[in-house]
A.B. asks: 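Starting off with a structure, shown below.
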Amino acid sequence: MSPYPGELSVPARVLLGPGPSEVHPRVLRAQSAPLVGHLDPFFLDLVNQVKDLLRWVFETENRMTFPVSGTGTAGMESCFANLLEHGDRILVCVNGYFGTRMCDIAVRCGAEVTRIDQEWGKAFEPSAIANALKDNAFKVVSIVHAETSTGVLQPLEEISRLVHDAGSMLLVDTVTSLGGCPVEIDKQNIDATYSGSQKCLSAPPGISPVSFSEMAMDCIRRRKTAVQSFYLDMTLIDKYYGSGRAYHHTAPISSVYGFYEALRLAHEEGLQRRFERHQRNHRALVAGLEAMGLSMHVDASERLWMLNTVQVPEEIDDADLRTQLLTEYGIEIGGGLGDLKGKVMRIGLMGHSSNRRNVTLLLSALSVLLNQRGIKADADTALAAAGEAFES
Ligand SMILES: Cc1ncc(COP(=O)(O)O)c(C=O)c1O
């Protein structure tokens, strides 16, 4: 008798946390298609289509644009490990948990790291970067576009200009922004970026799209030492996914099927419509939360559309509320990370999860749970405010 008698049975969930987001049934169906070999002409052609679709969503002509096998952190490691050699100087901008992770990875690459910090919940002013660049030569400057830990959107245009005027390369984390708001790699002159499949692109976790500019590729080609990671060495991955088709590792074939279908869904919707949908649902959620008497953590001008940080009222334990939300309503939202633990709750409206039904459901459930805790939160008022925002 097997100690594991039951076939896998997964509870139904509404995914409104910081990722993964909900996955369209077409993506799940694609993932269950029969396997082919990873060097099969069919699969190689599929990877070419994925690369084309990635260039489309990143808004770039970069030849070196790939789906790295691994989650967002693998993409992060591949950008840092390929651009940095021992002793290279990097400026890391930290205004949340993922900026901190960038520092950790840069140190592991043997780089000389200079870190500048901004309050968790605020974007960097270009003047802060200009100050750090004054009298300092950095090979790379890295920054997070959409800080999932705080809900802040980092404007890039002015910073990109400063970084390139100083002769440095710009490395940007677009894990949470890609597919939910404009990323515009070429327009923003971003040299290296990585993202994730499980946020606004709404595929299961496991693929990290990366893209490198010509300047970044040139820097990789001119390295004096081999990239310290065999698995994430872009020149080797280029031979595998590029024209050479030389075996490097066995691509996660089913994940690439699903990712392809998720990208196709995004393409069918169109970037502009997709961005407008994320913005509209975000506005409706915020209108509803504020009508309930809750406060947002980030100023309106710097808020992400796909990740909303709402302050936890002093009288309540947010971990307990989130557990009840999950067990009684099947709704997942996230807690605060690092400095914001216990202070904010993180509500994701990413990709397929960003829809009117989910906003309405969450506002209704939250109002019940807040009222149970003695906080007056009127569902009708919240839903009316959200409804008005949906229609505007
Ligand atoms: C901004 C940001 N960067 C990097 C990561 C790491 O991605 P993963 O957890 O897929 O490895 C995340 C994950 O939430 C993220 O939100």
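Just so you know, ligand 1 is whichever comes first in the structure, and atom 1 is the first atom listed for that ligand. Treat the numbers as computed from the prediction; the structure is a model and nothing was measured. Keep in mind that the numbers below use all heavy atoms, side chains included, and drop hydrogens, waters and symmetry copies. One is the number of the first residue; the rest follow in order along the sequence.
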A.B. asks: As an exercise, identify every atom of ligand 1 less than 4.0 angstrom from a heavy atom of G72.
C.D. replies: 7 (O), 8 (P), 10 (O), 11 (O)
A.B. asks: Please report which non-hydrogen protein atom sits nearest to atom 3 (N) of ligand 1, along with the residue it belongs to and the distance in Å to one decimal place.
C.D. replies: D173 OD2, 2.6 Å
A.B. asks: Does any donor atom in the side chain of D45 or Q49 lie under 3.5 Å from an acceptor atom in the other side chain?
C.D. replies: yes
A.B. asks: Which ligand 1 atoms does T73 reach within 4.0 Å, using its non-hydrogen atoms?
C.D. replies: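 Under 4.0 Å from T73, ligand 1 has these atoms: 6 (C), 7 (O), 8 (P), 11 (O).
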A.B. asks: Any side-chain donor-acceptor pair under 3.5 Å between S202 and S21?
C.D. replies: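 Yes, S21 and S202 have a side-chain donor paired with an acceptor closer than 3.5 Å.
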A.B. asks: Relative to ligand 1, is V175 under 4.0 angstrom through side chain, backbone, both or neither, heavy atoms considered?
C.D. replies: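 Side chain only; the backbone of V175 stays clear of ligand 1.
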A.B. asks: Answer yes or no for Q198: is there a heavy-atom contact with ligand 1 below 4.0 Å?
C.D. replies: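 Contact present.
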A.B. asks: Suppose we measure from atom 12 (C) of ligand 1 to each protein heavy atom; which comes out shortest, and what is that distance?
C.D. replies: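 Answer for atom 12 (C) of ligand 1: F98 CE2, 3.3 Å.
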A.B. asks: Looking only at side chains, do N281 and S354 share a donor and an acceptor under 3.5 Å apart?
C.D. replies: yes
A.B. asks: State whether a side-chain donor-acceptor pair under 3.5 Å links T225 with E85.
C.D. replies: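 Yes - a donor-acceptor pair under 3.5 Å links their side chains.
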A.B. asks: Could you tell me, atom by atom, which parts of ligand 1 come under 4.0 Å of a heavy atom of A146?
C.D. replies: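 What qualifies from ligand 1 is 1 (C).
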A.B. asks: If you measure from the Lys or Arg side-chain nitrogens to the Asp or Glu carboxylate oxygens, is any gap between E214 and R221 under 4.0 Å?
C.D. replies: yes
A.B. asks: Would you mind telling me if ligand 1 is within reach of the side chain of K199, the backbone, both or neither, using heavy atoms under 4.0 Å?
C.D. replies: side chain
A.B. asks: Using non-hydrogen atoms of the residue, decide whether G70 is closer than 4.0 angstrom to ligand 1.
C.D. replies: no
A.B. asks: Indicate whether any N or O donor in one side chain lies under 3.5 Å from an N or O acceptor in the other, for Y240 and H38.
C.D. replies: yes
A.B. asks: Is a side-chain donor or acceptor of K199 paired with a backbone partner of G180 at a separation under 3.5 angstrom?
C.D. replies: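 Side chain of K199 to backbone of G180: no pair is present.
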A.B. asks: Check the side chains of N62 and S213 for a donor-acceptor pair under 3.5 angstrom, ignoring hydrogens and angles.
C.D. replies: no
A.B. asks: Do me a favour and list the nearest non-hydrogen protein atom to atom 1 (C) of ligand 1 with residue, atom name and distance?
C.D. replies: T148 OG1, 3.2 Å
A.B. asks: Does only the side chain of P18 get under 4.0 Å from ligand 1, or the backbone, or both, or neither? Count heavy atoms.
C.D. replies: neither
A.B. asks: Which of the numbered atoms in ligand 1 are under 4.0 angstrom from any heavy atom belonging to T176?
C.D. replies: 16 (O)
